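Only one structure is covered here, and it is reproduced in the block below.
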Amino acid sequence: MTMRRSSPWLPVLGAAAVAILIASLGATMTDLGPWYQALKKPSWQPPGWLFGPAWTLIFALAAASGVIAWRNATTDKQREWVIGLFAINGTLNVLWSMLFFRLQRPDWALIEVALLWLSVLVPIIVFARYAKTASALLLPYLAWVTFAAFLNWEIVRLNAPFGGG
């Protein structure tokens, strides 16, 4: 079965819609209320206002990466991989927010962040075969998740144990 390429804007609109959906789901999971405020955080944690613009830029770059990879894919199978890899990443992104903020389990989120990190690395490697620009656009995302993993680790270290009831 061959995927028809209708409008050249369809992948752009689709990627933008999915990026907005994932960002919105993540935002609804993010509760910066009393529990979060009471956590000990490292002195090197960025100011709260930076997270919104950082994630906006990361999601915009990821959406652009997806469009470029999808357009440069030469087979339907490659295009399915592009969509599948982004679906996995989006799911893991929202799951991290749910674990950390909603379930108040930074320790579980720390385990999950390794999967999130891999879900950014794998597309970088896969897309490099046919869309080097798409790979490069994901590098800030990988850097941010790496930084977030260290921040998550430090929050666990400073506040553990969690889930004691």
Side-chain angles (χ1 to χ4, degrees), residues 8-32 36 39 41-42 44-74 77-103 105-157:
W9 288 102
L10 191 57
V12 174
L13 295 173
V18 170
I20 291 168
L21 175 66
I22 297 299
S24 298
L25 286 172
T28 62
M29 296 289 166
T30 302
D31 181 1
L32 301 179
Y36 178 77
L39 289 173
K41 299 169 197 83
W44 47 267
Q45 176 173 320
W49 62 263
L50 181 63
F51 288 88
W55 276 114
T56 300
L57 177 61
I58 286 164
F59 279 126
L61 293 172
S65 170
V67 170
I68 291 167
W70 192 86
R71 284 184 173 162
N72 287 350
T74 57
K77 196 67 162 167
Q78 287 176 344
R79 283 186 281 283
E80 289 169 9
W81 267 98
V82 170
I83 293 167
L85 290 171
F86 276 103
I88 291 167
N89 175 262
T91 301
L92 290 170
N93 192 297
V94 172
L95 179 60
W96 184 91
S97 295
M98 185 179 74
L99 292 171
F100 192 99
F101 292 105
R102 283 288 178 215
L103 298 179
R105 294 301 304 251
D107 51 343
W108 292 353
L110 182 59
I111 295 165
E112 192 272 356
V113 80
L115 297 174
L116 178 58
W117 189 87
L118 286 171
S119 79
V120 180
L121 179 64
V122 170
I124 289 171
I125 294 167
V126 171
F127 297 168
R129 297 177 190 154
Y130 53 89
K132 292 198 185 326
T133 301
S135 288
L137 289 172
L138 292 175
L139 292 174
Y141 190 4
L142 187 66
W144 185 257
V145 172
T146 301
F147 175 77
F150 283 110
L151 181 57
N152 191 164
W153 177 79
E154 189 66 10
I155 288 172
V156 168
R157 189 185 72 73

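The model shown is predicted, which means the values in this text are computed figures rather than measured ones.
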Give the minimum heavy-atom separation between A131 and A69, together with the two atoms involved.
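Smallest interatomic distance, heavy atoms only, reads CB-CA, 3.9 Å.
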
Nearest heavy-atom neighbours spanning L151 and P46
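What the structure gives for the nearest pair is CD2-CD, 4.5 Å.
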
Between F100 and W96, how do the two ring planes meet: parallel, tilted or perpendicular, split at 30° and 60°?
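It falls in the parallel class, under 30°.
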
Is any side-chain heavy atom of [Y] closer than 4.5 Å to one of [X]?
{"X": "L116", "Y": "S119", "value": "yes"}
{"X": "W153", "Y": "V113", "value": "no"}
{"X": "L121", "Y": "Y141", "value": "no"}
{"X": "P42", "Y": "F150", "value": "no"}
{"X": "P123", "Y": "N89", "value": "no"}
{"X": "L99", "Y": "L95", "value": "yes"}
{"X": "L137", "Y": "F127", "value": "no"}

Does P106 offer a backbone N or O that forms a donor-acceptor pair with the side chain of N152 under 3.5 Å?
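Yes, the answer is positive, given that a donor and an acceptor are paired below the 3.5 Å cut-off.
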
Using 0.5 Å steps for rounding, measure from the [atom1] atom of [X] to the [atom2] atom of [Y].
{"X": "N72", "Y": "R79", "atom1": "CG", "atom2": "CZ", "value": "10.5 Å"}
{"X": "I125", "Y": "L85", "atom1": "CD1", "atom2": "CG", "value": "10.5 Å"}
{"X": "R157", "Y": "D107", "atom1": "CZ", "atom2": "CG", "value": "15.0 Å"}
{"X": "E112", "Y": "R105", "atom1": "CD", "atom2": "CZ", "value": "14.0 Å"}
{"X": "L115", "Y": "I88", "atom1": "CG", "atom2": "CD1", "value": "10.5 Å"}
{"X": "T133", "Y": "L138", "atom1": "OG1", "atom2": "CG", "value": "11.0 Å"}

Pair W70, Y130 - check ring-ring contact (aromatic ring centres under 6.0 Å, His included), show working.
CA-CA 10 Å; W70 192 86; Y130 53 89; over 10 Å; no

Partner set under side chain to side chain contact (heavy atoms under 4.5 Å, CB included) for K41, not counting sequence neighbours
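K41 satisfies side chain to side chain contact (heavy atoms under 4.5 Å, CB included) with Y36, L39, Q45, I155 only.
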
Is it the case that atom CH2 in W81 sees more than 12 heavy atoms from other parts of the structure closer than 6.0 Å?
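Check fails, neighbour count at 12 or below.
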
Pairs under 3.5 angstrom only: tabulate donor-acceptor contacts from the side chains of residues 52-62 to other protein residues two or more places apart or in another chain.
residue	atom	partner	partner atom	Å
T56	OG1	G52	O	2.8

